[in-house]
Amino acid sequence: MRIGRRLSLLAGVLTLGLAAAGCGGAKVETGTSSAQPSGSAGSSAPASGGTVKIAINGWAGYEASAGVIAYLLESKLGYKVEKKELAEQVSWEGFESGDVDVIVENWGHDDLKKTFIEEKKVAVDAGSTGNKGVIGWYVPKWMADEHPDITDYKSLNKYASLFKTSESDGKGQLLFGDPSYVSNEEALIKNLKLDYKVVVGGSEAALIESATQAQKQKKPLLFYFWDPHWLFSQVELVRVNLPPYTEGCDADPKKVACDYAELDLDKIVSKRFADTGGKAYELVKNFSWTNEAQNTVANDITNKGMSPEDAAKKWVEANPSVWASWIPR
Amino acid sequence: MTSPPASASPAHVAPPAPRSRTAPLPPWVAPLAGVTVAVAAYLVFRGTALLPHDDDAAQFGAVNDVRDWVDANRNESPIFLFFVNYVRLSVGGLYDAFNLVLHGLGWAGVVGSAGALGWLAGGWRIALVAVLGSGSLGVLGLWEAGVDTLALVLAAVLLSLLVGLPLGVWAGRSVRLRRLLTPVLDVMQIMPTFAYLSPMVLFFQIGNASATIATMIYAIPPAIRITALAIEQVPATPVEASTALGATRWQTLRKVHIPLARATIGLAVNQTVMMALSMVVIAALIAAPGLGSDIIRGLSRANVGIMLPAGIAIVAMAVVLDRITMAAAARGPAPAGSFSSRLRPAVTSVILLVTGVAAWLLPAEFPQEWVLRFAEPVNEAVNWAKFSWYGVTEAVRNAATETFLNPLQTVLTTAPWWLVAAVVLAVAWRTGGPRPAVTAVGCLLATALLGLWQHTMETLTTVLVGVVLALAVGLVSGIAAARSPRFASVQRPLLDAAQTMPAFVYLLPALALFGATRFTAIFASVIYAVPPVVRLVEDGIRNVSPVVVEAARSSGSTDRQLLWKVQLPMARRAILLAANQGIVMTLAMVVVGGLVGAGGLGYDVVSGFSQRTDFGMGFTAGVATVLLGIMLDRITQGADGRPSPRKKRFA
């Protein structure tokens, strides 16, 4: 009989589960019909329930901005914040599935804007973060001192052997970060006919560590990096000049042969959050700060061992005049 | 290609034992000839018939088109409207329900219920383990994330059992279904976990539902397999007696088969739970909530201090669930009216009552002052190790890369594709016979058709180096353990711990010590694959008949002779199986290593998640890893069939 009892218990749990599933379904849809069972199929309604889902992309500056927004939402407006560790482009897909409400620092991504904002209409631009972002190739300063012409892409091939490593197949190594980052590296190498290979470090941390070692131990290094970043205050870096950016030169990702554009970093939110997010949405929209402010918070997180919450709290307490205007009335 | 039996990639196959043929040639002539031919062919044809990698291959574009179609039709096509989206909603709802209940119980409620369940399953010891283990989630400061993970595991396990147990029972009674299922389950178990994720995102988008389904797919094979085995092994006598007494099929199943198979079915539940736990971390890549998210965060920040508590929390959860399910499976039904059969429910209901009151009175959040934080000291220790061992670790890494990895990779990527295929055919023929050989070559050539030949060769290189290292370490420790009980008793808890750890956690020390390179993935895969290899080797040597050992001793064998002439040859099957398990696990880990610079197919899969334009390549690379896995499996399956699931806990 034990088995029988267990089975009936199991059946009970199952019925309960299915019933709950039914509720989950009904909650999401506009009606009981199956007309649109997808799209906004998130598991919990975000804004109305007072929960904001913020995507966390993998670099310190992003985490700093997200930390401050999250801290203000929680402490000043009484929302609950759910942080989701996601790759950049996956975060955009989260707008559609209902798993993401806010991306706090978007780097360009015109193709995604076209797909998700214009075509699918599931996302909305929520304005600039105030940060100017620029991606580029960097070498440690001591290398530029020793080889002044190294900062010109045309002479990179001459120095390729300096950058050779066990991972670079006999070519020069161009160290790259997280696979999800915005990247034209492969195309640049091909189109500028450089004798280099992109080696993926896998994370921001790998880039920072290599840059630190390159300065400390005078090891040659050519790597992908971006500004704003706190690293510039600790390691002396020099940017390599690629052919200058002109409007539209990066239109075809396969044919890019020019430098990265300076980007006005912006916030993207889901359409639903923009419509129903109330004060939380207002705050996200109003949020705007300087590169220095972001670097301060990012530095606290990475180098002083503070949690994003603590670092955000510290900054918020020190700078009430900056964020006072973000808080909606 | 009816080439002579050759083993041209010398390292990755255990040498087959000499077959008693009537041929006058010594057994090493044929392999040697094969190697010579292969080397000569390589030297002559090197650099010809290459299949270089192209990021824009038409195959990838085709998959991207499918993705775009799905994206465009998600809310229009009837397949989605009436099926896929409903699956997504109901699975997501199931997760939400678990999540709601667990969070509703609050920490006191969950810890108390775990204790009650532990008591019910196996008495006070298990109850204590359950209370301490579930409480540790809070102490580690990961209560919320831990509960999310628990909800995900429970939802996935429930679904797996709902599908797996009936299917297993059916397969246990129908030979035909079993034949049909076996190859499918084989593939599911060889499939590296990464390969599941892209299709999940395609159909179910990111989030709880896809994560639950991916976990379920990973966890279901043991549920089906072990249940089928349990039903199959029910002795014929009681079944016949029951039928003779006029019981219907259904009655026989309920009253005879299931009760007799109960303990083994409990094992199936246990294995399903364990598999689910190891998948939830990887599922964090597609936005699964919970502890996995912390581990991914730690990985992307190269911050061991974030990862370690999450890793420990998962191990704690694994230990609790393992002990409870094992105890429940091992304990036969208590005789009615006995002391314990009356006491247990009483004590359980008291615990539950107290828990209920506590959950009612106490706040749901775990008290902050009980949280133990140790991220900083951990990070300091890691930094210290990193900087003070830098010279050594870099030397080791570079030496291994320059002497093994790079030359082998050069050979594999510059050899003509037909030569690699011929060698694979020959090796597989030699170890497994014609049918596995044809399957292996078929899989290999399919990776070429997918446009991923070169990356497959890169991954194969990493796997081969990893397997050789794992087998070497595993053989030495396995032999040592078999010969010295003291060594075995020291080693066993270490192996236990290593096997419960989620695979991702191994990436962490590797990453800290060696940076993001292929060697990091190899290092992690060696730690991951060694425990099962050690176990199998140890078991194999122990199981050599004592009579034979005695006979060898009395005829004057030295220890060394005993090992080489008697124990190792007689344990050949176990060692082959160890090679097989080792290779499958190494592949799984090397692919995950794509996250930390391992390149090859794993990296394609990772970038397929992260860049929409690479979706097609990532998806295809997932398929290619599965093919590579099947190929390696067929080659190493060797003389015996496939006797057990991947995690061999019972023999």
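Letters A, B, ... are given to chains in the order of the sequence lines, protein chains preceding strands, and every chain is numbered from 1. Source: prediction; values computed, not measured.
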(message) If I measure from the heavy atoms of chain B, does A/Ile208 come under 4.5 Å with its side chain, its backbone, both, or neither?
(response) neither
(request) Identify which part of A/Glu119 has an atom lying under 4.5 Å from any heavy atom of chain B, answering side chain, backbone, both or neither. (result) neither
(message) Using a 6.0 Å cut-off, check whether atom NZ of A/Lys164 has over 12 heavy atoms from anything other than its own residue.
(response) no
(request) Measure from the ring center of A/Phe95 to the ring center of A/Phe116 and say whether it is less than 6.0 Å. (result) no
(message) Looking at chain B, which one of A/Lys120, A/Glu93, A/Lys84, A/Glu167 has the largest number of heavy-atom pairs inside 4.5 Å, strictly under?
(response) A/Glu167
(request) Among A/Ser166, A/Ser307, A/Ser203, single out the residue with the greatest number of heavy-atom pairs under 4.5 Å to chain B. (result) A/Ser166
(request) Pick one of side chain, backbone, both or neither for B/Thr401, based on which atoms fall under 4.5 Å of a heavy atom in chain A. (result) side chain
(request) Examine whether an atom of B/Tyr603 lies under 4.5 Å from a heavy atom of chain A, and if so say whether it belongs to the side chain, the backbone or both; otherwise answer neither. (result) side chain
(request) Please flag which part of B/Glu380 lies under 4.5 Å from any non-hydrogen atom of chain A: side chain, backbone, both or neither. (result) neither
(message) Could you check whether atom NZ of A/Lys83 has more than 12 heavy atoms from other residues, nucleotides or ligands sitting under 6.0 Å from it?
(response) yes
(request) Evaluate the ring planes of A/Trp59 and A/Tyr62, with Trp represented by its six-membered ring, and classify them as parallel (under 30°), tilted (30 to 60°) or perpendicular (over 60°). (result) perpendicular
List, one per line, each side-chain donor-acceptor pair under 3.5 Å for residues 173-182 of chain A, sequence neighbours excluded.
unit_1	atom_1	unit_2	atom_2	d
A/Gln173	OE1	A/Thr165	OG1	2.7
A/Asp178	OD1	A/Ser180	N	2.7
A/Asp178	OD1	A/Ser180	OG	2.7
A/Tyr181	OH	A/Gly58	O	2.7

(message) Taking side chain as everything from C-beta outward and backbone as N, CA, C, O, which of these in B/Val201 sits under 4.5 Å from a heavy atom of chain A? Side chain, backbone, both or neither.
(response) side chain
(message) For B/Phe203, is the CZ atom crowded, meaning more than 12 foreign heavy atoms sit under 6.0 Å from it?
(response) no
(request) Could I get the full list of side-chain hydrogen bond (donor to acceptor under 3.5 Å, both in side chains) partners for A/Glu209, not counting sequence neighbours? (result) B/Lys386
(message) Which atoms of A/Thr115 are under 4.5 Å from chain B, going by heavy atoms: the side chain, the backbone, both sets, or neither?
(response) side chain
(message) Between B/Glu402 and chain A, with a heavy-atom cut-off of 4.5 Å, which part of the residue counts as in contact: side chain, backbone, both or neither?
(response) side chain
